[in-house]
Undergrad: 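Quick one: this structure, given as structure tokens, is what I'll be asking you about.
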Amino acid sequence: MNKTIFLKRRPKGQPVLEDFDIRETEEPTVKEGEILLKSVYVSVDPYLRGRMRNEKSYIEPFQLEEPLESAVVAEVIESNNPNFIAGDYVSGMLKWKHYQTATGNGLNKVDPDRAPLSANLGVLGLTGVTAFLGLEKIGKLQAGETLLVSGAAGAVGSIAGQIGKIKGCKVVGIAGSDEKIQAITTNLNFDEGINYKTSNNLKAAVAKACTNGVDVYFDNVGGEILDAALANINKFGRIINCGAISQYNNTEVPMGPRPEGILIKKSVLMQGFTVRDYLKDFGPAIKQLATWLQEDKIQYSETIVEGFENIPQALLDLFEGKNKGKMIVKV
């Protein structure tokens with residue numbers, strides 16, 4: 001028997017386990033031109049919360065009573081496709097299933113000798129590519145500038161900060177615990193860190209850490225932290241709006257400071273960003289990230305949860321900040 005995770009109901013506010021349903025389904029039959037895949041590692045990411053809403057976005061919403069999906073590394077168990085053989089590993093957007101069939105379209109072969117398989121969901125996957133392309137396409141970092149990163153201990157933020165150091169920038173990270181601040185400054189080479197949960201004045205904390213102001217802000221959280229970054233942004237600063245995890249479970253749109261005055265007076269670029277805007281650039285980005293990884297210029301961390309049935313809980317844990325680096329489920 002096969003196991004599949006379905007979206008049972010649309011969450012109201014923060015998701016709960018009752019919004020998901022794990023069911024036994026029949027193992028699929030491999031047709032001509034198809035491959036049979038066994039899930040090995042499953043990625044859980046904050047943006048999946050947006051897909052649980054029934055609203056138009058940059059990616060289609062999940063449908064009720066249908067399987068959820070995310071980036072998955074899978075093993076080819078059986079192949080009726082000449083482009084794949086049993087024993088191959090692939091990555092791509094796949095359903096939350098133990099076993100499933102695919103034509104191979106949209107899947108990329110993974111070299112298990114290049115890096116651990118799980119790395120293809122993090123530093124060499126969408127999160128690493130997101131950090132790289134956000135900084136390259138919007139941030140346009142220059143040596144000597146100051147880069148501020150929120151969600152700095154997370155999958156995207158931790159890579160973005162390290163790229164900033166490679167580029168010769170001062171890098172300040174914002175995270176939600178002293179343990180995470182210690183990790184980014186000791187292990188990931190960030191120059192300074194700010195614990196937003198213990199800071200009484202984020203605007204002042206950013207000003208103190210970023211003594212020359214903020215040239216580039218890589219935003220993964222939105223909300224009050226974005227407000228603090230805006231208050232310290234430099235002339236011709238660039239703000240990369242990559243994520244807004246602090247807002248994802250809100251049932252109403254919160255009112256915050258109006259940014260237009262700062263954007264105009266300081267000629268600031270503030271641009272929304274999804275990595276799928278730059279599909280043609282994925283190959284070069286992954287190649288560069290792999291080179292840095294082999295040269296030990298980039299470190300990465302993972303929180304690996306064991307067990308297929310724990311995929312929903314791992315997703316919920318993201319919103320509690322329980323992950324260090326990339327959150328992955330080992331099936």
Side-chain angles (χ1 to χ4, degrees), residues 37-48 69-76 84 87-94 96 106-136 149 151-166 173 175 180 183-184 186-190 218 220 242-243 275-276 278-279 281-308 310-311 314-315 317-318 322-331:
L37 298 173
K38 178 182 179 181
S39 297
V40 180
Y41 289 102
V42 177
S43 172
V44 291
D45 306 277
Y47 83 91
L48 297 174
E69 68 176 10
S70 64
V72 174
V73 170
E75 181 182 1
V76 178
F84 301 88
D88 281 345
Y89 289 96
V90 298
S91 66
M93 293 296 293
L94 293 167
W96 287 1
L107 298 179
N108 297 307
K109 289 187 180 181
V110 169
D111 182 0
D113 296 324
R114 181 177 65 176
L117 289 173
S118 58
N120 292 278
L121 297 178
V123 62
L124 300 181
L126 285 179
T127 49
V129 172
T130 297
F132 182 93
L133 292 177
L135 290 172
E136 181 178 82
V149 182
V156 174
S158 60
I159 302 300
Q162 291 179 86
I163 294 173
K165 293 304 297 179
I166 292 171
K180 289 181 177 180
I184 64 173
T186 301
N187 302 329
L188 303 183
N189 205 28
F190 282 61
F218 199 113
N220 290 300
C242 179
V275 72
R276 290 173 178 82
Y278 303 102
L279 288 172
D281 297 302
F282 277 28
I286 293 172
K287 183 178 179 181
Q288 180 62 78
L289 289 163
T291 298
W292 284 335
L293 192 61
Q294 292 165 0
E295 295 173 347
D296 289 328
K297 292 182 178 179
I298 285 184
Q299 308 296 320
Y300 69 95
S301 60
E302 300 171 327
T303 299
I304 297 184
V305 176
E306 298 271 352
F308 177 83
N310 290 321
I311 295 174
L315 178 61
D317 287 347
L318 282 177
K322 294 182 179 179
N323 61 303
K324 296 177 184 176
K326 185 76 184 75
M327 181 72 91
I328 296 171
V329 177
K330 183 179 180 181
V331 175

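Just the heavy atoms: all of them, side chains too, but no hydrogens, waters or symmetry mates, feed the values below.
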Undergrad: Could you tell me whether the side chain of Gln162 and the main chain of Gln299 form a donor-acceptor pair under 3.5 Å?
TA: yes

Undergrad: Provide the closest heavy-atom pair for Cys242 versus Phe218 in the form atom of the first, atom of the second, distance.
TA: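 Heavy-atom minimum between the residues: CB-CE2, 3.6 Å.
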
Undergrad: Any sub-3.5 Å donor-acceptor pair from Lys326's side-chain atoms to Val44's backbone N or O?
TA: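 Between the backbone of Val44 and the side chain of Lys326 there is a qualifying donor-acceptor contact (under 3.5 Å).
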
Undergrad: For the residue pair Leu135 and Ala160, what are the closest heavy atoms and their distance?
TA: CD1-O, 3.5 Å

Undergrad: What pair of heavy atoms forms the shortest contact from Glu302 to Ser118, and how long is it?
TA: OE2-OG, 2.8 Å

Undergrad: Taking all atoms of both residues into account, what is the closest heavy-atom pair of Asn323 and Gly154, and its distance?
TA: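 For Asn323 versus Gly154, the nearest heavy atoms are ND2-CA, 4.4 Å.
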
Undergrad: Passes side-chain contact (heavy atoms from CB on, under 4.5 Å), Leu94 versus Ser39? Steps please.
TA: CA-CA 9 Å; Leu94 293 167; Ser39 297; 5.8 Å; no

Undergrad: Between Ala152 and Ile184, what is the shortest heavy-atom contact and its length?
TA: O-CG2, 3.7 Å

Undergrad: Is the count of non-hydrogen atoms from other residues, nucleotides or ligands lying under 6.0 Å from Lys38 atom NZ greater than 12?
TA: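 At most 12 heavy atoms, drawn from other residues, nucleotides or ligands, come within 6.0 Å of this atom.
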
Undergrad: Nearest 0.5 Å, what's the OG1-OH distance between Thr130 and Tyr47?
TA: 9.5 Å

Undergrad: Under a 3.5 Å distance rule, please check whether Thr303 uses its side chain to pair with a backbone N or O of Lys324 as donor and acceptor.
TA: yes

Undergrad: Does the pair Leu289 and Ile159 meet the rule for a side-chain contact (heavy atoms from CB on, under 4.5 Å), with working shown?
TA: CA-CA 9 Å; Leu289 289 163; Ile159 302 300; 4.2 Å; yes

Undergrad: Distance check, rounded to the nearest 0.5 Å: Ile311 atom CD1 versus Trp96 atom CH2?
TA: 6.0 Å

Undergrad: Testing the basics here: between Pro284 and Asp281, what is the closest heavy-atom pair and its distance to 0.1 Å?
TA: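 Reported closest heavy-atom pair: CD-O, 3.4 Å.
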
Undergrad: Roughly how far apart are Tyr300 OH and Thr127 OG1, rounded to 0.5 Å?
TA: 11.0 Å

Undergrad: My understanding is that only residues two or more places apart in sequence, or in another chain, count here; which of them pass side chain to side chain contact (heavy atoms under 4.5 Å, CB included) with Gln288?
TA: Phe132, Thr291, Trp292

Undergrad: Nearest 0.5 Å please: distance from the CG atom of Leu315 over to the OG atom of Ser70.
TA: 9.0 Å

Undergrad: Sequence neighbours excluded and cut-off under 3.5 Å, please list the side-chain donor-acceptor pairs for residues 106-117, or say none.
TA:
from	atom 1	to	atom 2	distance (Å)
Lys109	NZ	Asn83	O	2.7
Asp111	OD1	Asp113	N	2.9
Arg114	NH2	Asn120	OD1	3.3

Undergrad: With rounding to the nearest 0.5 angstrom, report the CG to CD1 distance, Asp45 to Ile328.
TA: 9.0 Å

Undergrad: According to side chain to side chain contact (heavy atoms under 4.5 Å, CB included), who are the partners of Asn187, at least two apart in sequence or on a separate chain?
TA: Ala183

